[in-house]
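Please read the structure below before turning to the comments.
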Amino acid sequence: MAQTVNDVTDLMSHKTRHPKSSLQVPTSAKYFFTALVVGLLLLILAMGGKALRDAPPAAIQISTQGLTVPQYQALQKTMSQQTINSFFTTDLQALRDIAIGLAWVDQVSVTRDWQRGIVITALPKQAVANFGTERLVDAKGIVFVPADDQELTQSQFATLQGEIMQAPVIMQQMQQINNWYAPLDMRVKDIILSPRMTWLIRFDNGLRVIVDNENTAQKLLSLSQLLGNQLSTRRDKMQSIDLRYKNGFTIAWNMQAPKAASK
């Protein structure tokens, strides 16, 4: 038994005196392999960048959703004049800025689609009234030139006139007046704001109203109440009403044509 223990001890001592050898990689080889990997990565990046630069221009697709034919053609013509890069390198924000720069465009979305290319979707402004004879205006009072001249001077629209910067004010005034006079079945047909801030209003029943910029809202509201009550039976006989007075107003009446004498 003692002999066996001694043998084991000698064996362990032998292993301790002779450690297992390991393969040592030279430092120069490590640097070489590191440089090789980095070089390959740089080569791959360079080749990828060249492939992107040399790729053909991306296809531009204009979505027809929500657009009339003239609007689609106008947007298509504008975008076809732009310099388009490859699918990945084309600046989508730049394309969006160009599209939104068209006066009649309200919203624009530009996206990448693997199958279709670069897709541009535009929503046009929705006109609610004419502004003069060469422009339209939307519900927010934004004046714009439509893509199609046929949209100008639409008969179902009221016509606003004044300085373009005053368009939101004129639009808000018209909407307020329509609310006040709706119970009388009267709507604004034309509304003008002069440089002197005088309002000229023509309703769809032919009645014309002129009012200054002093207590304008109160004067127009009071008139709507009078026309619906004390003056309701004589409303159809009125030609125009002048509210530019501090303590009242004047009415011009329709002149009745004289009856032909009977023979």
Side-chain angles (χ1 to χ4, degrees), residues 103-107 123-146 149-259:
W104 55 270
V105 174
D106 187 36
Q107 300 179 34
L123 294 178
K125 290 184 175 72
Q126 299 298 319
V128 298
N130 300 310
F131 196 86
T133 59
E134 298 180 351
R135 295 178 176 86
L136 299 175
V137 59
D138 66 9
K140 295 178 289 187
I142 299 177
V143 179
F144 64 96
V145 178
D149 291 342
Q150 297 299 321
E151 297 181 40
L152 294 172
T153 61
Q154 299 188 51
S155 58
Q156 74 272 23
F157 285 165
T159 298
L160 284 60
Q161 295 189 52
E163 298 292 336
I164 292 181
M165 66 179 62
Q166 295 289 346
V169 176
I170 302 173
M171 173 58 67
Q172 184 178 11
Q173 184 76 288
M174 185 187 74
Q175 293 170 340
Q176 185 65 77
I177 293 172
N178 282 336
N179 289 336
W180 288 335
Y181 287 76
L184 307 178
D185 195 26
M186 295 171 59
R187 290 186 61 84
V188 173
K189 187 64 178 175
D190 300 287
I191 182 168
I192 301 172
L193 179 59
S194 74
R196 294 185 177 183
M197 303 302 289
T198 298
W199 294 91
L200 295 92
I201 305 158
R202 182 172 69 91
F203 290 93
D204 54 3
N205 65 348
L207 178 64
R208 296 191 298 274
V209 176
I210 182 170
V211 60
D212 56 13
N213 200 41
E214 184 177 350
N215 298 322
T216 304
Q218 184 59 49
K219 290 178 179 178
L220 290 171
L221 177 59
S222 298
L223 177 62
S224 69
Q225 296 170 346
L226 287 172
L227 293 176
N229 295 286
Q230 294 93 322
L231 298 174
S232 60
T233 59
R234 308 184 66 185
R235 193 166 66 224
D236 295 339
K237 300 178 182 179
M238 297 177 182
Q239 183 182 71
S240 63
I241 301 175
D242 191 339
L243 300 176
R244 294 175 297 175
Y245 299 92
K246 292 183 178 180
N247 300 315
F249 55 88
T250 60
I251 299 176
W253 303 92
N254 289 318
M255 298 294 293
Q256 294 183 350
K259 296 181 179 179

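When reading the values below, keep in mind they use all heavy atoms of this one structure, side chains included, and skip hydrogens, waters and symmetry mates. Keep in mind the model is a prediction, meaning the values are calculated, not measured.
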- Message: So, taking the atom named OG1 in Thr198 and the one named CD1 in Ile192, what distance separates them when rounded to the nearest 0.5 Å?
- Response: 11.0 Å
- Asp185 atom CG, neighbour heavy-atom count above 12 within 6.0 Å: no
- Message: So Leu207 and Leu227, do their side chains get closer than 4.5 Å, heavy atoms only?
- Response: yes
- Side-chain contact, heavy-atom cut-off 4.5 Å: Phe249 with Leu226? yes
- Task: Please answer whether the main-chain N or O of Arg187 pairs with a side-chain N or O of Asp204 as donor and acceptor at a distance below 3.5 Å.
- Result: yes
- Considering all heavy atoms of both residues, which atom of Val145 and which atom of Trp104 are nearest to each other, and what is their separation? O-CB, 3.7 Å
- Task: Measure the shortest side-chain to side-chain distance between Ile201 and Leu220 over non-hydrogen atoms and say whether it is less than 4.5 angstrom.
- Result: yes
- Message: Can you tell me if Gln239 has over 12 outside heavy atoms packed within less than 6.0 Å of its CD?
- Response: yes
- Item | Over all atoms of both residues, closest heavy-atom pair of Leu184 and Ser224 | CD1-O, 3.6 Å
- Message: Return the CZ to CD1 distance between Arg202 and Ile210, rounded to the nearest 0.5 Å.
- Response: 15.0 Å
- So CG of Leu193 and CG of Asn213: to nearest 0.5 Å the spacing works out to 7.5 Å
- Is the backbone N or O of Lys219 less than 3.5 Å from a side-chain atom of Ser222, with the two atoms forming a donor-acceptor pair by type? no
- Look only at the side chain of Lys189 and the backbone of Phe203, and say whether a donor-acceptor pair between them is shorter than 3.5 Å. no
- Task: Could you pull out the closest heavy-atom pair between Pro146 and Glu151, with the gap in Å?
- Result: CB-OE1, 3.8 Å
- Item | Gap separating the CG atom of Leu231 from the CG atom of Leu223, nearest 0.5 angstrom | 8.0 Å
- Message: Here's a test for you: under side chain to side chain contact (heavy atoms under 4.5 Å, CB included), which of Lys246, Arg244, Arg196 qualifies with Asp212?
- Response: Arg244
- Nearest non-hydrogen partners of Met174 and Ala158, listed with the distance: SD-CB, 3.7 Å
- Is there side-chain contact between Gln173 and Val188, with heavy atoms separated by less than 4.5 Å? no
- Which pairs, with at least one residue in residues 133-142 and sequence neighbours excluded, count as a salt bridge (charged side-chain N to carboxylate O under 4.0 Å, His left out)? Asp106-Lys140
- Item | Atom pair CG/CD1 of Leu136 and Ile142 - distance to nearest 0.5 Å | 13.0 Å
- Item | Atom pair CD/CD of Gln161 and Gln166 - distance to nearest 0.5 Å | 14.5 Å
- Item | Heavy-atom side-chain proximity of Trp199 to Ile170 below 4.5 angstrom | yes
- Heavy atoms only: give me the nearest Ala103-Phe144 pair and the separation to one decimal. O-CB, 3.3 Å
- Query: How far apart are the closest heavy atoms of Asn179 and Pro183, and which atoms are they?
  - Reply: O-CD, 3.8 Å
- Query: Does Lys125 reach the main-chain N or O of Val143 with its side chain, forming a donor-acceptor pair under 3.5 Å?
  - Reply: no
- Should we count CD of Gln154 as having more than 12 external heavy atoms under 6.0 Å? yes
